[in-house]
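What follows is a single structure, written as structure tokens, with notes after it.
Chain A is the first sequence line, chain B the second, and so forth, proteins listed ahead of strands; every chain is numbered from 1. Reckoned from all heavy atoms, side chains included, excluding hydrogens, waters and symmetry mates.
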Protein chains: 2
Amino acid sequence: MSISPYSYSGSKPKASIRLAANSCPFNTACEGCSSRHISLCNVLDSNDLKSFSKLSTDFQKAAKQIICAEDEKAEHIYNIRSGAVRLSKMLSDGRRQITGFLFAGDFFGLSCKDKYSFTAEAITEVKICRFNRTKIIESFQDYPRLGERVFDMTRTELNSTHDQMLLLGRKTAKEKLCSFLIIMKEKSGRINVRDENEVDIPMSRSDIADYLGLTVETVSRQFTNLHKLGLIELDGAHRVFLKNSKALLALAEGE
Amino acid sequence: MSISPYSYSGSKPKASIRLAANSCPFNTACEGCSSRHISLCNVLDSNDLKSFSKLSTDFQKAAKQIICAEDEKAEHIYNIRSGAVRLSKMLSDGRRQITGFLFAGDFFGLSCKDKYSFTAEAITEVKICRFNRTKIIESFQDYPRLGERVFDMTRTELNSTHDQMLLLGRKTAKEKLCSFLIIMKEKSGRINVRDENEVDIPMSRSDIADYLGLTVETVSRQFTNLHKLGLIELDGAHRVFLKNSKALLALAEGE
DNA sequence: AATCAAATTTGACCACTGTCAAGTATCTAT
DNA sequence: ATAGATACTTGACAGTGGTCAAATTTGATT
């Protein structure tokens with residue numbers, strides 16, 4: 001089995017915590033950041049980046065750790081440098097909806113008011129940089145292009161939540177899973193360019209279920225179903241090969 | 001039956017079209033706009049408003065008219081002055097998801113890229129002012145408070161789509177309808193302060209169904225159900241009296 | 001006021017997906 | 001390597017909400 005860009009299978013919490021204390025070697029300078037080209041800060045030139053980097057703090061979380069929790073005071077916004085994160089909301093009886101899977105280059109926490117409106121958890125080991133919300137919003141004055149970039153990303157995000165509403169409200173289980181696979185294909189293409197049809201699925205079946213508004217069992221059955229239809233090949237639970245992504249896309253759109 | 005703030009029952013298309021040609025008496029000045037206090041332009045002072053108003057065009061649409069269509073070139077952003085609008089997305093086979101109901105003070109069209117990602121239709125007769133997208137985005141330079149306001153409203157909107165995802169993915173039909181009634185109560189309170197428990201429902205059962213990811217029949221059954229439970233009183237299909245909004249809220253949250 | 005069309009409600013039935021349970025595979029720890 | 005825990009898959013059955021159809025109400029048109 002080829003090496004995954006996520007380390008969901010081999011992550012060791014203890015080692016991760018040690019690294020987190022150590023922090024990133026480029027703590028005070030974002031210049032060496034490996035995710036800069038896809039992050040919000042990619043609009044800053046070398047000079048601006050130097051002063052801007054003082055606003056950021058770098059840290060790391062092991063898989064399954066909470067990054068921030070729903071209803072907690074929203075003091076920071078977070079930018080993912082590597083790894084995978086899930087954002088979720090819960091009903092009082094434990095029913096959960098995952099509102100998004102986030103990867104390198106994605107940020108979260110800006111849309112909240114005084115409290116976080118979701119819980120953010122590490123799916124794999126993640127590297128994150130964090131900014132004070134107030135300060136970064138103020139900094140949009142000094143770095144107008146950054147403000148524009150953040151606004152732009154927020155608009156894009158709003159657009160894709162509308163697609164997700166169409167999925168949740170109107171698609172069948174099969175269409176939902178096909179949509180999910182297409183989404184994951186697109187996201188993984190942004191991060192790692194190997195065979196574009198070889199898609200990593202860092203999250204559990206239960207995460208997928210809570211993202212698609214289904215149960216684990218239904219998700220599992222639909223994986224089996226798509227395999228029987230000859231549309232996908234499974235290599236363990238966390239790696240999928242899309243044998244016919246055109247057909248998957250058509251199914252995803254209900255055609 | 002008391003008079004509704006929407007004119008969904010008595011609207012006459014012909015008359016509306018005539019009015020639309022006539023446009024608003026305050027066409028070149030937003031000063032007299034009755035929805036200014038709740039609209040995005042409420043951050044502008046009297047001077048700025050005068051020059052800003054030159055960017056806007058006023059018009060009116062009768063109920064059931066399309067304001068802008070999915071996949072159409074996105075040239076404008078729209079601000080609702082009065083009436084109710086629905087935004088929706090469709091699958092190729094006609095399945096529809098309504099992503100939002102909009103009222104006086106709401107705007108739409110900003111989150112789109114080159115094409116509109118939704119169709120906007122008038123539910124009731126609506127008064128709307130329209131801005132050129134490019135020009136208004138440029139104008140954020142001159143009116144920074146306007147840019148902040150729009151950004152802020154976009155963030156709020158993103159937050160509420162997350163709530164809607166939780167609703168669509170994880171709530172039961174009963175919980176969905178209770179949530180809808182609570183949402184409508186809050187929105188109508190913003191526009192018209194009468195008895196806060198007397199809620200106008202300008203949209204059809206079919207619109208509600210497509211908003212909640214249900215069928216018309218299920219929506220109708222749940223209305224009947226809530227009535228039997230003594231939680232609501234119906235005065236026709238478009239006016240609801242919430243007899244116990246606390247209980248409705250609890251049901252909406254799955255408690 | 002009368003007629004027709006559209007919207008809403010209600011009923012009967014059923015399918016998709018959920019629930020509960022058991023079996024299998026995978027990962028982690030020793 | 002072995003054992004235990006966790007994650008995933010599969011099966012049997014059931015229920016919520018969907019489908020189809022008919023009745024009723026509401027609203028528009030003449």
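- Of the candidates A:Val85, A:Ile98, A:Ile123, A:Met203 forms a side chain to side chain contact (heavy atoms under 4.5 Å, CB included) with just one, namely A:Ile123.
- Within 4.0 Å of B:Ser220, counting heavy atoms only, lies at least one base atom of the nucleic acid.
- Here the P atom of nucleotide D:dA5 and the NZ atom of A:Lys64 are 14 Å apart, to the nearest Å.
- If you measure from atom CZ of B:Arg239 to atom P of C:dT8, you get 16 Å, rounded to the nearest angstrom.
- Between B:Ile208 and B:Ile201, the closest side-chain pair of non-hydrogen atoms falls below 4.5 Å.
- What separates CG of B:Asn225 from P of D:dG17 is a distance of 11 Å, to the nearest Å.
- Take the nearest nucleotide of DNA chain C for A:Gly213 and for A:Ala237: the residue whose nucleotide is more 5' is A:Gly213.
- Counting to the nearest Å, the C1' atom of D:dT9 and the CG atom of A:Leu177 are 14 Å from each other.
- Listed nucleotides D:dA12, D:dC8, C:dT17 differ in distance to A:Arg221; the shortest reach to its side chain belongs to D:dA12.
- Annotation: side chain of A:Tyr211 is not in contact with side chain of A:Ser88 (no heavy-atom distance under 4.5 Å).
- Looking at B:Glu217, its side chain comes within 3.5 Å of the base of D:dC20 through a donor and an acceptor atom.
- Inter-residue side-chain proximity for B:Ser188 and B:Asp200 is flagged as unmet; no heavy-atom pair is nearer than 4.5 Å.
- At whole-Å resolution of the value, CG in A:Asp235 and P in C:dT26 are 10 Å apart.
- If A:Ala173 and B:Thr218 are placed on DNA chain C by their nearest nucleotide, the residue sitting closer to the 5' end is B:Thr218.
- In this structure, B:Glu175 places its CD atom 12 Å from P of D:dT16, rounding to the nearest Å.
- The shortest distance between the side-chain N/O atoms of B:Thr224 and the OP1/OP2 oxygens of C:dT10 is below 4.0 Å.
- Closest to the side chain of B:Leu214, out of D:dG17, C:dT8, C:dG18, is D:dG17.
- Residue B:His238 places at least one side-chain N or O closer than 4.0 Å to OP1 or OP2 of C:dT8.
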- [ ] Check the pair A:Arg96, A:Asp207 against salt bridge (Lys or Arg N to Asp or Glu O under 4.0 Å), reporting the backbone distance first and the verdict last.
- [x] CA-CA 9 Å; A:Arg96 183 180 69 153; A:Asp207 284 346; 2.9 Å; yes
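- Distances were taken from every side-chain heavy atom of B:Val216 (C-beta onward) to each of C:dT9, C:dT19, D:dG18; the shortest belongs to C:dT9.
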